[in-house]
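Position 1 is the first residue of the sequence, and the numbers go up from there.
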Amino acid sequence: KIGDLIPPAAQSINSVRVSLDGGTLVMATANDMVEVWRLGRLRQELAALKLDWGASTGGAKVAAEAVEQAGSPETIVMASLGGFSLVAILVLLTLRRHRTAIERFVVAEARAAQRNRELDMAKVELMHSQKMQALGTLATGIAHDFNNLLSVVRMSNKLIGRQAPADPEIQEHVTDIEQAVLQGKSVVRSVLGYARPEKDAGEPTDAGAVVEEVVALLSREFLSGIKLTLELDRNAPKVHTARGPLEQVLLNLVVNASEAMHGEGGLKISLRACPELPIGFYILRPAEAGEYVQIHVVDTGPGIAPEIRDRVFEPFFTTKQHAAKAGTGLGLSLVYSIAQQTGIGLSLESNPGKGATFTLTIPVTDGAVRQMHSTKIGNPA
């Protein structure tokens with residue numbers, strides 16, 4: 001070894017080239033720099049120091065030693081490519097691991113949000129269930145006592161009518177009392193709806209026909225200032241809900257909408273078939289079924305404020321304390337009770353000043369045959 005060629009600055013060498021005459025050595029560094037070594041001049045300086053490597057060896061020996069010191073160009077290039085490939089693989093693996101972790105985090109967040117929504121829904125249902133259970137217990141006792149009183153009044157009224165059959169004035173009063181007693185018994189049946197559901201008749205119910213019958217029950221005076229629109233799917237299947245409870249629910253929703261609009265505005269009732277459970281927030285989830293029918297009752301009233309939206313189904317809660325006719329707070333709570341007992345889903349969408357939409361999601365009877373509604377749809381005069 002005669003000597004080392006040390007560049008001005010420490011650099012990684014990518015390639016080395018020697019001229020054909022052995023007088024010049026060129027090295028390419030990793031930072032895109034090129035270093036040129038004049039071997040002839042270097043030899044002169046070494047000769048002055050008596051370190052010349054002799055004429056016989058020539059520049060080829062110096063070049064060979066330099067190449068041996070730095071390694072062959074192919075080896076350097078392969079080593080550089082190998083290092084770059086290794087770094088690229090490590091970067092790709094790291095990015096893939098991070099991407100997988102992010103995807104798992106997003107999925108976990110979505111599941112947690114869904115579980116939180118389900119938990120909130122379960123809390124609301126439990127709260128309503130407990131309130132309705134307490135109200136049902138109270139209503140049962142009051143209704144039975146009131147029914148007993150009505151039975152005594154009715155029996156006494158019949159005895160009076162028998163004792164004075166020829167007196168028309170007494171008979172007129174007896175008839176009025178009989179009608180009042182029958183209305184009282186109807187009220188008792190409604191109150192008992194909080195405590196126990198009506199027995200299912202065992203036959204599928206045509207929900208569209210029920211909607212039309214409820215509309216037909218309403219008087220002309222009731223609908224005089226309301227623009228009523230019906231949109232009923234004639235191909236909707238029959239539902240697994242008794243006719244009586246469904247009529248009572250719809251009648252309460254329609255009356256509630258009319259009172260909210262003060263008898264003036266637009267009321268729209270639509271019915272459509274749903275092949276699967278629609279996605280949305282349910283105040284009360286429907287019973288499991290393979291198919292559903294949805295009924296929407298939409299009004300153009302003042303709407304419901306967000307802070308009281310979850311309370312409108314509570315017993316005795318009403319927003320009509322200052323109205324001309326104060327509300328009892330039992331209409332929507334009865335709707336909730338009947339829906340809970342019959343497996344009907346209940347939803348509410350409303351914004352202040354934009355009206356309210358009450359939605360009933362009714363399970364379809366298993367194996368129900370689709371039948372066309374024959375009743376004509378129209379706005380009763």
Side-chain angles (χ1 to χ4, degrees), residues 128-203 205 209-210 213-219 221-222 240-256 258-259 284 313-318 320-321 323-344 346 360:
H128 281 288
S129 177
Q130 291 174 343
K131 291 180 179 179
M132 297 310 299
Q133 184 178 3
L135 180 61
T137 303
L138 175 63
T140 301
I142 296 175
H144 281 296
D145 292 341
F146 186 64
N147 193 50
N148 293 335
L149 294 175
L150 289 176
S151 298
V152 174
V153 172
R154 190 178 189 187
M155 184 181 300
S156 302
N157 186 54
K158 288 183 177 181
L159 292 176
I160 294 173
R162 291 175 184 176
Q163 291 177 0
D167 191 333
E169 185 176 357
I170 293 179
Q171 291 300 320
E172 183 179 355
H173 293 318
V174 167
T175 302
D176 293 339
I177 295 173
E178 179 68 16
Q179 291 179 353
V181 169
L182 293 178
Q183 290 177 357
K185 286 185 173 292
S186 177
V187 172
V188 170
R189 285 195 298 271
S190 298
V191 173
L192 288 177
Y194 285 99
R196 60 172 180 266
E198 180 177 330
K199 292 183 178 180
D200 191 353
E203 296 181 357
T205 301
V210 173
E213 290 174 5
V214 168
V215 173
L217 289 175
L218 303 175
S219 63
E221 291 77 11
F222 182 85
H240 188 64
T241 303
R243 180 179 297 270
L246 186 55
E247 286 180 351
Q248 197 168 8
V249 168
L250 286 173
L251 190 59
N252 274 279
L253 290 179
V254 171
V255 171
N256 180 78
S258 174
E259 292 179 350
L284 183 64
F313 294 99
E314 294 182 6
F316 305 112
F317 178 82
T318 179
K320 306 168 188 173
Q321 296 93 340
K325 183 179 179 181
T328 61
L330 294 177
L332 291 181
S333 62
L334 181 59
V335 168
Y336 185 93
S337 178
I338 295 176
Q340 186 181 42
Q341 294 164 359
T342 55
I344 298 176
L346 201 56
L360 303 176

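Using a 4.5 Å heavy-atom cutoff, the side chains of L332 and L253 are in contact.
Taking each heavy atom of T342 and P245 in turn, the nearest pair found is CG2-CB, 4.1 Å. Of all heavy-atom pairs between Q248 and I338, the closest is OE1-CD1, 3.5 Å.
Among residue pairs with one or both ends in residues 154-165, those qualifying as side chain to side chain donor-acceptor pair (under 3.5 Å) are R154-E178; sequence neighbours excluded.
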*Yes or no on side chain to side chain donor-acceptor pair (under 3.5 Å) for S337 and Q341, after CA distance, side-chain angles and deciding distance?*
CA-CA 6 Å; S337 178; Q341 294 164 359; 3.2 Å; yes
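Counting only distance, with no hydrogens or angles, the side chain of S258 and the backbone of V254 share no donor-acceptor pair below 3.5 Å.
Each of L251, T241, L250 was compared with V210 under the side chain to side chain contact (heavy atoms under 4.5 Å, CB included) criterion, and only L250 meets it.
The side-chain contact (heavy atoms from CB on, under 4.5 Å) test applied to L150 returns F146, V181, K185, V188, not counting sequence neighbours. Taking the side-chain contact (heavy atoms from CB on, under 4.5 Å) definition, one finds that A164 meets it with D167, I170, sequence neighbours left out. By the salt bridge (charged side-chain N to carboxylate O under 4.0 Å, His left out) test, E247 is found to be paired with no residue, residues two or more places apart in sequence or in another chain being considered. In this structure E213 satisfies the side-chain hydrogen bond (donor to acceptor under 3.5 Å, both in side chains) test together with R243, sequence neighbours excluded.
Distance CD1/I177 to CD/Q179: 11.0 Å, rounded to 0.5 Å. Going from atom CD1 of I344 over to atom CG of L246 covers 5.5 Å, rounded to the nearest 0.5 Å.
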